[in-house]
**Q** 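What follows is a single structure, and I will ask about it in a moment.
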2 protein chains.
Amino acid sequence: MATIRDVARLAGVSPSTASRALRGNPVISAKTRQRVETAMRQLNYVPNFSAQNLANNENNTIAVILPVDHHEIFTNPFFLQALQGINAKSTERNFMVAIATGISQQQLLANVEFMLARGRINRFILLYSQLHDPVVTLLQQNQVGYVVIGKPMATAGPLPPYIDTDNLAAGRDATQFLLAHGHRQIAFLYTDLTKIVQQERLAGFKQVMAQQQLPSLSLREDFIDYTQSHQHVTAFLQQHPQITAFVTSDDLLGLRLQQIVSKKMSIISFNNSFTSQVAHPSLTSIDVFPVQLGEGAAELALQLDQPTAKLQPIIVPHQIVVRHSVRDLTAQTEEKNKN
Amino acid sequence: MATIRDVARLAGVSPSTASRALRGNPVISAKTRQRVETAMRQLNYVPNFSAQNLANNENNTIAVILPVDHHEIFTNPFFLQALQGINAKSTERNFMVAIATGISQQQLLANVEFMLARGRINRFILLYSQLHDPVVTLLQQNQVGYVVIGKPMATAGPLPPYIDTDNLAAGRDATQFLLAHGHRQIAFLYTDLTKIVQQERLAGFKQVMAQQQLPSLSLREDFIDYTQSHQHVTAFLQQHPQITAFVTSDDLLGLRLQQIVSKKMSIISFNNSFTSQVAHPSLTSIDVFPVQLGEGAAELALQLDQPTAKLQPIIVPHQIVVRHSVRDLTAQTEEKNKN
DNA sequence: CTGTTAGCGCCTTCAA
DNA sequence: TTGAAGGCGCTAACAG
């Protein structure tokens, strides 16, 4: 492997000049830059990552923190897609992407501690956001920068930069979509309000319903035990027999609900994962564009050292993908749910 | 952050002695080792990753290569779970885990090239195995070590070390499970035979069927377009009306099939993901233990520099998880598929 | 604008 | 068994 000395020698300059050229230091003359650059090309030179990191006291790596696997969370392709986005941007900028994950909260914490202490990594991306997260506490204690995909939980200090869907608006949009299709008695189905996403989608739902002077029904159900869940949902529907539609906080949840309730029940869900296509009828769902969220998160993370840049939160627009799970009650003819 | 010089000073030894103690060099006397170790503890010393890497011309990182997102593949929690296993073992051994991924084959290749050239990473884990994989070609050209989760495709050189489920046996077991429940006319449903896993499961199926002198029916269906798939499957069943059961190469595929065929059709699938619990009736499925596969892969990858250790392939045992999707045709009373 | 020098933190000869 | 010295590859002062 060619080193910068080889390049310098071939270009007939000193290593420091070669280094300056490499890093785009404007002080270098055009011709010298040229010579160095062709030398690099000839030698197929690539700077050594570790050496550069050591010299710069940097590490050029972003660590991505996955949530602890809880129930079916890993069935959501969101994480891997966000990772794609993060990777694309990071590689562009010569950053490495490292992963922190764990089977338990404890293992995850150990992993993050390892990256902190051993790797001296100082840029993290949290792929989730939840209440009382010990990982966040750890990051704050160590005063390292982190970016959240999702709305960060409120803490003592200033909020970290984040990128998010406007889940409040998304919750409203889902609800309004149902209203526009003639539904009036609607329930919101969720699994876990410590996940801030779900909280917000629910809040959006409630806003619209309140505005319309309609009741905000909601039901928590984690579907760990099918039989039990079946009972709960059925009981709930007996209490509220007038319900014609559900907003579910995630596609998979929508799919599960679908297996319990009548095919006539309308459902709108979130994430637009493959699950929504698999469902039958296929689910009308709100796409949140995970790859873009990942890209944006990486961009924020890459600026984490420039305190000047007041890192404004980024909001990625969402989009309703209409499929066949919402019946139009306003239409004269009954809708055919073919697909 | 304390450096090794600080440690040395506090322990009253030279940096080189401290270094030797750190690395467990047996030449150091017990008392000296003691002194150095307590000094490290007192100072909360952690060696600097980049510095160590530079000095050792190593990088202490394992890069994990994800498949290109194709259809619904990221809905399979397999990858994230394998990642958990890899991370657990790697962290134990002070290795970092980096990620290579991409939205397209091209982007993935660029990412791998980046880790190769820039990061000088020389240990890779491939989370998939398929025919004609340009990533494999790239790795081989660069002569870096890699481990495959799954059966590696045959190449010019010697096979890389790998860890795998015995998918041939798993295919046989699934088939035998159906036979034991009285099924005789069985079809195998798959999406993509360039994925070697699917090939093998199918081969196992065929072995058993041939042995029983039963016909080996099989159907390829990727379910990209629901209506079209519906037609295909229906046509297939009309051609073979005697079929009572399917083996499907993955849970998600099982779920989709389930939405097309009668509830009376028996299905056994692979991966035991949450999807199999979500299905209705819930799917009898073969668990392949992704976390363990990940752990084993990491262990192999960690040995990639020791050519002495003839790295034997590791086979992780699989296990049938019985749920409610296979009817027992041998029983007198008809089975109730409650769940 | 460019070269010389020193050092990032650690490891490994070499000599004692 | 230990210390001194030099180097891994790159960069940033400091001169000129």
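Just so we're on the same page: letters track the sequence lines, and every chain starts at 1.
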**Q** Do A/Arg120 side-chain and C/dG9 base share a donor-acceptor contact under 3.5 Å?
**A** no

**Q** Of the nucleotides C/dG9, C/dT12, D/dT11, which one has an atom closest to the side chain of A/Ser19?
**A** D/dT11

**Q** Closest nucleotide of DNA chain C for A/Pro15 versus for A/Ala30: which of these residues is on the 5' side?
**A** A/Ala30

**Q** Rounded to the nearest Å, what distance is computed from the CG atom of residue A/Asn57 to the C1' atom of nucleotide D/dA13?
**A** 16 Å

**Q** Which of these nucleotides, D/dG3, D/dC10, C/dT2, is closest to any side-chain atom of A/Asn48?
**A** D/dC10

**Q** Tell me, do B/Leu116 and B/Val144 make a side-chain contact under 4.5 Å, heavy atoms counted?
**A** yes

**Q** Given atom CG of B/Asn53 and atom C1' of C/dG9, what is their separation to the nearest angstrom?
**A** 11 Å

**Q** Within the supplied structure, the quantity of interest is the number of heavy atoms (other residues, nucleotides, ligands) at a distance under 6.0 Å from B/Gln105 CD; does it exceed 12?
**A** yes

**Q** What's the closest nucleotide to the side chain of A/Ser14 if the choices are C/dC11, D/dT11, C/dT4?
**A** C/dT4

**Q** Can you tell me how far P of D/dC10 sits from CG of A/Asn60, to the nearest Å?
**A** 14 Å

**Q** Under the 3.5 angstrom rule, does the side chain of B/Glu58 hit a backbone N or O of B/Asn53 as a donor-acceptor pair?
**A** no

**Q** Nearest heavy atom decides the nucleotide; on that basis, is A/Arg20 or A/Ala2 closer to the 5' end of DNA chain D?
**A** A/Ala2

**Q** Would you indicate what B/Leu54 reaches in the nucleic acid, counting non-hydrogen atoms under 4.0 angstrom: base, sugar-phosphate, or nothing?
**A** base

**Q** Would you say A/Arg20's side chain and A/Asn25's backbone share a donor-acceptor pair under 3.5 angstrom?
**A** no

**Q** Answer yes or no: is there a donor N or O on one side and an acceptor on the other, between the side chain of B/Asp164 and the main chain of B/Lys151, under 3.5 Å?
**A** yes

**Q** How long is the line joining CG of B/Asn25 and P of C/dT12, in whole Å?
**A** 8 Å

**Q** Would you indicate which nucleotide in C/dC10, D/dT1, D/dG3 comes nearest to any side-chain atom of B/Ala51?
**A** C/dC10

**Q** Looking only at side-chain N and O atoms, does B/Gln52 come under 4.0 Å of OP1 or OP2 in C/dC11?
**A** yes

**Q** Separation of A/Leu22 atom CG from D/dG9 atom C1', in whole Å?
**A** 12 Å

**Q** Write down the distance between CZ (B/Arg23) and P (C/dG9), rounded to a whole number of angstrom.
**A** 17 Å

**Q** Heavy-atom nearest nucleotide on DNA chain D for B/Pro26 versus B/Asn56: which residue maps closer to 5'?
**A** B/Pro26

**Q** According to a strict under-4.0 Å criterion, is A/Ser50 in side-chain N/O contact with OP1 or OP2 of D/dC8?
**A** no

**Q** Can you find a side chain N or O atom of A/Thr17 that sits less than 4.0 Å from OP1 or OP2 on C/dT2?
**A** no

**Q** Once you apply a heavy-atom cut-off of 4.0 Å, does B/Tyr45 come out as touching a base, just sugar-phosphate, or nothing?
**A** sugar-phosphate

**Q** So, is A/Ser16 close to the D/dT11 phosphate, meaning a side-chain N or O under 4.0 Å from OP1 or OP2?
**A** no

**Q** I need the CG-P distance between A/Asn94 and D/dC10, as an integer number of Å.
**A** 13 Å

**Q** Calculate the interatomic distance between B/Asp6 atom CG and C/dG9 atom C1'; express it in whole Å.
**A** 11 Å

**Q** Is it true that, when you exclude B/Asn142 itself, more than 12 heavy atoms of the residues, nucleotides or ligands shown sit nearer than 6.0 Å to its CG?
**A** yes

**Q** Does a side-chain N or O of A/Thr32 approach OP1 or OP2 of C/dT2 to a distance below 4.0 Å, or not?
**A** yes

